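One structure is given below, encoded as structure tokens.
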Amino acid sequence: MAEWNLMMQKINKLNRFVKKNNDFIRRFTAGVKMVEVDDLGRLLIPKDLTTFSQISKDIVLSSAVNIVEIWDKDLYEKSIAGDDIDFADLAEDVMGNINDDSDGIS
């Protein structure tokens, strides 16, 4: 949760009158939910998030330093193949110039 709060502090600094910023924020936070691990160590992904993320059967847990991403296996493989660059360009345009070393997120 601490990592999420740090990221949201950065996002809250964005100028909401810039269309790209609003597009980024909307897409970045789409479907955000709190999910907890049960007593057996299982993580239940809500149905609307499995639909949104197009998870069908097999998943990939991808670690990006301080973030864990949950992907549909086939979509993950397509993404790392380099075909899915639109959102990456948007993220770089919006977040690329924010560099506050004090919080560890860059």
Side-chain angles (χ1 to χ4, degrees):
M1 194 64 200
E3 293 295 331
W4 176 257
N5 289 335
L6 288 173
M7 181 62 73
M8 291 312 297
Q9 285 176 7
K10 284 189 162 198
I11 288 173
N12 285 331
K13 293 178 184 178
L14 297 173
N15 182 345
R16 299 281 249 157
F17 290 102
V18 176
K19 183 182 181 315
K20 270 189 178 181
N21 293 358
N22 266 336
D23 291 345
F24 171 79
I25 292 166
R26 189 174 302 111
R27 189 158 178 192
F28 184 79
T29 59
V32 170
K33 294 188 188 309
M34 288 285 280
V35 179
E36 296 184 17
V37 177
D38 70 12
D39 292 338
L40 297 176
R42 297 175 298 189
L43 180 73
L44 179 62
I45 303 170
K47 184 69 174 166
D48 61 325
L49 291 182
T50 59
T51 302
F52 175 79
S53 58
Q54 301 174 25
I55 293 174
S56 56
K57 183 179 177 186
D58 295 326
I59 65 165
V60 171
L61 296 176
S62 173
S63 172
V65 185
N66 56 351
I67 297 170
V68 175
E69 298 175 337
I70 303 172
W71 285 79
D72 174 81
K73 182 179 179 283
D74 293 335
L75 292 175
Y76 178 77
E77 289 172 354
K78 286 179 188 174
S79 176
I80 61 172
D83 296 336
D84 184 22
I85 61 171
D86 292 340
F87 184 66
D89 287 342
L90 178 60
E92 182 178 347
D93 286 348
V94 173
M95 300 298 289
N97 292 324
I98 298 175
N99 191 9
D100 180 3
D101 292 333
S102 65
D103 60 15
I105 298 175
S106 57

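All values reported here derive from a predicted model rather than from experimental measurement. Count residues from 1 along the sequence.
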Practice item. Determine, stepwise, if the pair Ile11 / Phe24 fulfils side chain to side chain contact (heavy atoms under 4.5 Å, CB included). Key: CA-CA 9 Å; Ile11 288 173; Phe24 171 79; 4.2 Å; yes
Practice item. Any chance you could lay out the side chain to side chain contact (heavy atoms under 4.5 Å, CB included) test for Ile70 and Leu43, step after step, and finish with the verdict? Key: CA-CA 11 Å; Ile70 303 172; Leu43 180 73; 3.7 Å; yes
Could you list the residues that satisfy salt bridge (charged side-chain N to carboxylate O under 4.0 Å, His left out) with [X], not counting sequence neighbours?
{"X": "Lys19", "answer": "Asp23"}
{"X": "Lys33", "answer": "Asp48"}
{"X": "Arg42", "answer": "Asp38"}

Shared ILVMFWY cluster between [X] and [Y], side chains joined below 4.5 angstrom?
{"X": "Ile67", "Y": "Trp71", "value": "no"}
{"X": "Val94", "Y": "Met7", "value": "yes"}
{"X": "Val37", "Y": "Leu44", "value": "no"}

Show me, pair by pair, the donor-acceptor contacts under 3.5 angstrom made by side chains of residues 54-63, not counting sequence neighbours?
| residue | atom | partner | partner atom | Å |
| --- | --- | --- | --- | --- |
| Ser56 | OG | Asp72 | OD1 | 3.0 |

Practice item. For Met34, look at atom CE and say whether over 12 heavy atoms of other residues, nucleotides or ligands are found less than 6.0 Å away. Key: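 For Met34, atom CE is not crowded (no more than 12 foreign heavy atoms under 6.0 Å).
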Review point. Crowded around Glu69 CD? As in, over 12 foreign heavy atoms under 6.0 Å?
Key: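 It does: Glu69 CD has more than 12 such atoms within range.
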Check your understanding: Which residue pairs pass the ring pair (Phe, Tyr, Trp, His ring centres under 6.0 Å) test when at least one of the two sits in residues 33-68, sequence neighbours left out?
Key ->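 Non-adjacent pairs meeting ring pair (Phe, Tyr, Trp, His ring centres under 6.0 Å): zero.
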Point to revise | Passing option when Lys20 is tested against Leu14, Asp93, Asn15, Ile25 for side-chain contact (heavy atoms from CB on, under 4.5 Å) | key: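 Per the side-chain contact (heavy atoms from CB on, under 4.5 Å) rule, the option paired with Lys20 is Asp93, out of Leu14, Asp93, Asn15, Ile25.
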Check your understanding: Given the rule in the side chain to side chain contact (heavy atoms under 4.5 Å, CB included) test, do Trp4 and Val32 qualify, once you have shown the distances and angles that lead to the verdict?
Key -> CA-CA 11 Å; Trp4 176 257; Val32 170; 3.8 Å; yes
Check your understanding: What's the shortest heavy-atom distance between Ser53 and Leu75, and which atoms?
Key ->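 Looking at all heavy atoms of both residues, the closest pair is O-CD1, 3.5 Å.
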Check your understanding: Does Thr51 use its side chain to pair, donor to acceptor, with the backbone of Lys47 at less than 3.5 Å?
Key ->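 Between the backbone of Lys47 and the side chain of Thr51 there is a qualifying donor-acceptor contact (under 3.5 Å).
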Review point. Taking only residues two or more places apart in sequence, or in another chain, which ones meet Asn22 in a side-chain contact (heavy atoms from CB on, under 4.5 Å)?
Key: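 Per chain and number, Asn22 pairs via side-chain contact (heavy atoms from CB on, under 4.5 Å) with Arg16, Arg26.
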